[in-house]
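Input: a single structure, listed below in structure tokens.
A, B, ... follow the sequence lines: proteins, then strands. Residue 1 opens every chain. These figures come from a predicted structure and were not determined experimentally.
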Amino acid sequence: MTIQQTRPTATGLGLPAGTTHLPQVDEDAAPAVPRTSIGRPSADEQLVRWGPWLSAGALAWLLTQQLLPLPGLAWFVLAWFALGLLVTAVLAGMQGGSIAVRDRLAASVITGGAVTVGVALVSTVGFVFWEGWGPLLHLNFFTDDMAGVGPRDPFTRGGIAHAVLGSLIQLGIGLAITLPLGIGTAVFMTEVGGRFARLVRTIVEAMTALPSIVAGLFVYTVFILTLGQPRSGLAAGLAIAVMMLPIIARAADVVLRVVPGGLREASLALGASRWKTVWHVVLPTARPGLATAVILGSARGVGETSPVLLTSGAAMFFVVGPTDGAMNSLPLFIYSNVRSGEDTAILRAFGAASVLLVLVLLLFVVARLLARPPRSTKRRRFSLTPRGGWAQRGLDLARANPASVAGAVSPAPTPVPPPPDPAFPTSPDDRPTPPQEPR
Amino acid sequence: MTTLPSYDEATGFDVVPRRVSRKARGVDAVFEHSARAIGASVLVITGGVGLFLGWQAYPTLSRYGLDFFTESRWLPEEDVVGIAAVLTGTVSIALVAMAFAFPLALLTALYISEYAPERIKSTLVAMVDLMAAVPSIVYGLWGYLLIMPRAGELAQWLHANLGWIPFFDIRGTDPDAAVPDASRYLYSSFAAGIAVAMMVLPMACAVMRQVFSQTPQGEKEAALALGATRWGMIRSVVLPFGRGGIIGGTMLGLGRALGETIAVVLIISPTFDVKWNLTEIGSNSVSAHIALQFGEASPAQLSALLAAGFVLFLITLLVNTLAAVVVNRSRSGTGTDA
């Protein structure tokens, strides 16, 4: 090797082993190999990664569209993926062994799976908006109801405002029931506890398995058939509530369980009652998580068709009173229009589905925003200085009684004076002064 | 030696140790009892639904006995009622859904947790959550009007080329005819299963991704430091660690797939045969059956429908409970990273 020849070693110079020598600069030596980057892939590696897919695309087009009788996009995509895997494997095999081949193939398959799911999601959302574009361009679609409008009437007549209103009213009824009950149950399960709470938790978790259609059937049998009430918005709201209650209670329970116990103990140690602890410490701490739980539950409730299908009819006009008979809602409107089979009605259903999607998306975005606390709040909450986040809630301990914090929080703790009297384990200053009662 | 003070000279009254009691008093008792009342009312509501279903299902189950599970026809006028067909339909639709959803959910979860660039990771997680929030009626529309015609073409191709497998054979039509009867390939369990797969996929994916993301970082880095490729690291560390999450997430998805109603109602054309040609026209599921039949049901028939709903509820409950047990057991091994 050239390097050994040009670099004289200690033994080659005839010096005794163990002698230190200075390396000499060799003018004729080959330039040192540049150090390979361990960060981003080099241009060569990029080409190895993307080149096979380019060539496979061209090959797939040639094979399916020109040579074999397999026309259409589906065959092209399938052939592209299969050939892409093949070329990737061959290229990896030329550079490395079977381990490299397997690594490249796994990466391709995993990425391919993720892309498939992404395409499916985009195709769902895109398809609904693409088809629903027609009715969405007319303002009356958002402000009118369908009273006196036939399924074949053009988009310039009729709208879905009644369905939106109905959805909101039913969701409101559902939330009015599930919000206090769901969060109250979660508070009971986490803050009170005990054997009974474990029973409640078991039952609530079991009931999350209840299929939504069975919740609808329950309300239909009890509220409409047994109690003889008409099908109405109230019944639909009750069905949504029965469906959402276990979901929200369970999600809120999970959120409340991760509230640090130290916060509760601090509040109780300061003399707050348990209710005050829950109301002023536990619930505000868990507020973002609770809001997320409630909003995701609402998104589920507002989009669920089957309970509404059983408990309320598809009215064509505005119904405001929850007990005033059949009240339409967005999912029910979509369902009944699609089932009608008329082309115009189906397009209207797509328009309504776009509105429903936007509604759910809005709820979802609000949930994400609430789940992410503002940066300033976060910093204050976890700061260790006495100017903590609780200062804003009137709990500034340092200012209220500096002596009480001095020993525990300040960075340089002052030496604790020895107890003056063995009869008193704590110094008189630290002991809370008992109320002066006349003896 | 500790001595308890009995009389405080300074303040001049008895110092008695505070009585420590676990029993809440005063305001605390009010809070505790009202919380307990709320818990009890929720217990009554949710438990009541289960008990009510069981109570309503009892007359049907006692009247028809085991025939209720083996009879495939649903003819209440002739006093012949059974859920064999709708139950097998439910299971076959759920199995088709899982056949699509399981690999895709696993691959997506692996991509998000191991391959995705760091800056788009949170966006991808939000997309999966959003996918779970899309209403089922929207997936129903997508499956009915966009996927079903394509699935029909696929079924036709499968029949023509793989028709010798009884699974893909479709009775009553010849795939080699000049104009094959395209409608025989629509409205099938296969098409419904694809739509349902879209609904359960995000759920399964979210559970799997969460468990994968809990893989101890040290073990992953150890595998890479020993010279493993990324796939080798995934196979030897991430997948064994996340096995519970994979199984549990799949079963949670299965539980949801069994109860899915509206997409199935939109896509299938209801039949009452027990069959395994999934790509053939006609299928049914318990939930779709309830949705289509409740309107003209007499009280006795309603009881039969409630019994069917009760059976469905018990199956989903069993699947979900198993899933919860598996997921919880896998989480208990989190502490392997020292």
Heavy-atom contact with chain A under 4.5 Å, split by part of B:Phe310 = neither
Select, from B:Val134, B:Thr321, B:Asp129, B:Leu201, the one with the greatest count of heavy-atom pairs under 4.5 Å involving chain A.
-> B:Asp129
Between A:Val242, A:Leu309, A:Val187, the one whose heavy-atom pairs under 4.5 Å with chain B are most numerous = A:Leu309
Part of B:Thr46 lying under 4.5 Å from any heavy atom of chain A = both
Partner chain B: residue of A:Ala299, A:Ala353, A:Ser123, A:Pro331 with the largest heavy-atom pair count (under 4.5 Å) | A:Ser123
Heavy-atom contact with chain A under 4.5 Å, split by part of B:Ser41 | side chain
Keeping the roles fixed (side chain from A:Thr185, backbone from A:Ala249), state whether a donor-acceptor pair exists under 3.5 Å.
-> no
Sort out for me which of B:Ile45, B:Leu258, B:Val286, B:Leu141 touches chain A most, counting heavy-atom pairs under 4.5 Å.
-> B:Leu141
Which bit of B:Leu302 comes within less than 4.5 Å of chain A, counting heavy atoms only: side chain, backbone, both or neither?
-> side chain
Counting only heavy atoms closer than 4.5 Å, note whether B:Ala126 contacts chain A via side chain, backbone, both or neither.
-> both
Do you know which of A:Ile346, A:Val128, A:Ile334 has the most heavy-atom pairs with chain B at a distance under 4.5 angstrom?
-> A:Ile334
Output the option from B:Val128, B:Leu146, B:Val138 having the highest count of non-hydrogen pairs under 4.5 Å with chain A.
-> B:Leu146
Contact leader toward chain B among A:Val222, A:Thr208, A:Val204, where contacts are heavy-atom pairs under 4.5 Å | A:Val222
Which region of B:Leu130, side chain (C-beta onward) or backbone (N, CA, C, O), has a non-hydrogen atom less than 4.5 Å from a non-hydrogen atom of chain A, or is it both or neither?
-> both
Residue part contacting chain A, namely of B:Tyr115, when any heavy atom lies under 4.5 Å = side chain
Where on B:Val265 is there a heavy atom nearer than 4.5 Å to chain A: the side chain, the backbone, both, or neither?
-> both
Hey, which of B:Leu110, B:Ile112, B:Ile234, B:Ile262 has the most heavy atom pairs under 4.5 Å with chain A?
-> B:Ile262
Best-contacting candidate, B:Asn320, B:Ile315, B:Thr261, against chain A by heavy atom pairs under 4.5 angstrom | B:Thr261
Who wins among B:Gly259, B:Ser34, B:Ala35 for the most heavy-atom pairs under 4.5 Å with chain A?
-> B:Ala35
For B:Glu114 and B:Arg230, what are the C-alpha separation, side-chain angles and deciding distance, and is it a salt bridge (Lys or Arg N to Asp or Glu O under 4.0 Å)?
-> CA-CA 8 Å; B:Glu114 303 300 328; B:Arg230 197 184 293 208; over 6 Å; no
Contact origin within B:Ala40 toward chain A - heavy atom pairs under 4.5 Å = both
When the 4.5 angstrom heavy-atom criterion is applied to B:Phe294 and chain A, the contacting part is both
Part of B:Arg150 within contact of chain A (heavy atom distance under 4.5 Å) = neither
Choice from A:Ala197, A:Ala74, A:Ala114, A:Gly194 maximising heavy atom contacts with chain B below 4.5 Å = A:Ala114
With chain B, which of A:Leu363, A:Thr116, A:Leu357 has the greatest number of heavy-atom pairs at distances under 4.5 Å?
-> A:Leu357
Region of B:Leu53 in contact with chain A, defined by heavy-atom distances below 4.5 Å = side chain
Go through the atoms of B:Met198 and report whether side chain, backbone, both or neither lie under 4.5 Å from a heavy atom of chain A.
-> side chain
